[in-house]
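The structure displayed is predicted, hence computed values, not measured ones.
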Amino acid sequence: QVQLVESGGGLVQPGGSLMLSCSASGYISGANAMGWYRQAPGKQRELVATITSRYRSNYADSVKGRFTISRDNAKNTVYLQMNSLKPEDTAVYYCNYHVIATIIEASEKDYWGKGTLVTVSS
């Protein structure tokens with residue numbers, strides 16, 4: 001019921017910056033979290049950062065101090081500002097939409113974007 005479209009991936013040099021964005025469409029629940037996960041070759045998908053509809057954020061230890069997640073509830077869009085990028089940040093970044101359980105939404109659900117490739121290399 002929710003469709004996610006990511007943009008902003010690309011090639012950047014080590015130490016550089018990049019910003020990702022993800023817009024959600026379809027049925028949008030009042031209580032939700034949006035965020036970013038990434039998957040590098042040969043590795044499992046891992047959490048990067050999430051932010052709730054009340055702007056509470058959570059970051060993986062590996063990106064704290066370098067990445068900043070934000071969202072625009074009016075646009076149903078989440079952003080990920082990535083600074084001081086390292087080669088190990090290279091991965092496909094997936095946007096995630098998580099429905100938080102409420103009286104109306106009894107079960108928590110996850111929706112995923114198709115992913116956008118971020119390559120950090122000189």
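Checked by atom type and distance alone, the side chain of Ser53 pairs as donor or acceptor with a backbone atom of Gly30 at under 3.5 Å. For the pair Glu108 (side chain) and Ile100 (backbone), a donor-acceptor distance under 3.5 Å is absent.
For the atom pair OG of Ser121 and CG of Leu85, the computed distance is 12.0 Å after rounding to the nearest 0.5 Å. Going from atom CD1 of Ile69 over to atom OH of Tyr59 covers 6.5 Å, rounded to the nearest 0.5 Å. Atom CZ of Arg66 and atom NZ of Lys86 lie 4.5 Å apart (nearest 0.5 Å). Within the model, atoms CE of Met82 and OH of Tyr93 stand 5.5 Å from one another, a figure rounded to the nearest 0.5 Å. Rounded to the nearest 0.5 Å, atoms CG (Asn96) and CH2 (Trp36) are 10.5 Å apart.
Side chains of Asp72 and Tyr79: no donor on one and acceptor on the other come within 3.5 Å. For the residue pair Arg56/Asn58, the side-chain donor-acceptor check at 3.5 Å is not satisfied. In this model, a donor atom of one side chain and an acceptor atom of the other lie less than 3.5 Å apart for Ser29 and Tyr97. A donor-acceptor contact closer than 3.5 angstrom links the side chains of Thr77 and Ser23. For the residue pair Gln3/Tyr27, the side-chain donor-acceptor check at 3.5 Å is not satisfied. For the residue pair Arg45 and Tyr37, no side-chain donor N or O sits within less than 3.5 Å of a side-chain acceptor on the partner.
Ala101 approaches Ala106 most closely through the heavy-atom pair CB-O, 3.8 Å. Ala40 and Ala91 make their closest contact through N-CB, 3.8 Å (heavy atoms, listed as atom of the first residue, atom of the second, distance). Nearest heavy atom pair, residue Ala24 against residue Val2, reads CB-CG1, 4.1 Å. Minimum heavy-atom separation, Val78 to Cys95: CG1-SG, 4.0 Å.
The aromatic rings of Tyr94 and Trp112 stand perpendicular to each other, their planes meeting at an angle above 60°, with 30° marking the opposite boundary.
Evaluated for a side chain to side chain contact (heavy atoms under 4.5 Å, CB included) with Thr116, the options Val5, Leu20, Val92 yield exactly one hit, Leu20. For the side chain to side chain donor-acceptor pair (under 3.5 Å) criterion with Arg71, the lone passing option out of Asn76, Thr50, Thr52, Asn32 is Asn32.
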Steps toward side-chain contact (heavy atoms from CB on, under 4.5 Å) verdict (Ser62, Arg38): CA-CA 12 Å; Ser62 60; Arg38 66 187 182 187; 3.5 Å; yes
Val48/Leu80 under side-chain contact (heavy atoms from CB on, under 4.5 Å): CA gap, chis, key distance, verdict: CA-CA 9 Å; Val48 178; Leu80 184 68; 4.1 Å; yes
Steps toward salt bridge (charged side-chain N to carboxylate O under 4.0 Å, His left out) verdict (Asp61, Lys64): CA-CA 5 Å; Asp61 288 340; Lys64 286 182 178 178; 3.2 Å; yes
side-chain contact (heavy atoms from CB on, under 4.5 Å) between Gln81 and Leu18, intermediate numbers included: CA-CA 6 Å; Gln81 178 64 51; Leu18 204 63; over 6 Å; no
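Cluster membership check: Ile28 shares its hydrophobic cluster with Leu4, using side-chain heavy-atom separations under 4.5 Å among Ile, Leu, Val, Met, Phe, Trp and Tyr.
For Glu46, the CD atom is densely surrounded, since the number of other residues' heavy atoms within 6.0 Å is greater than 12.
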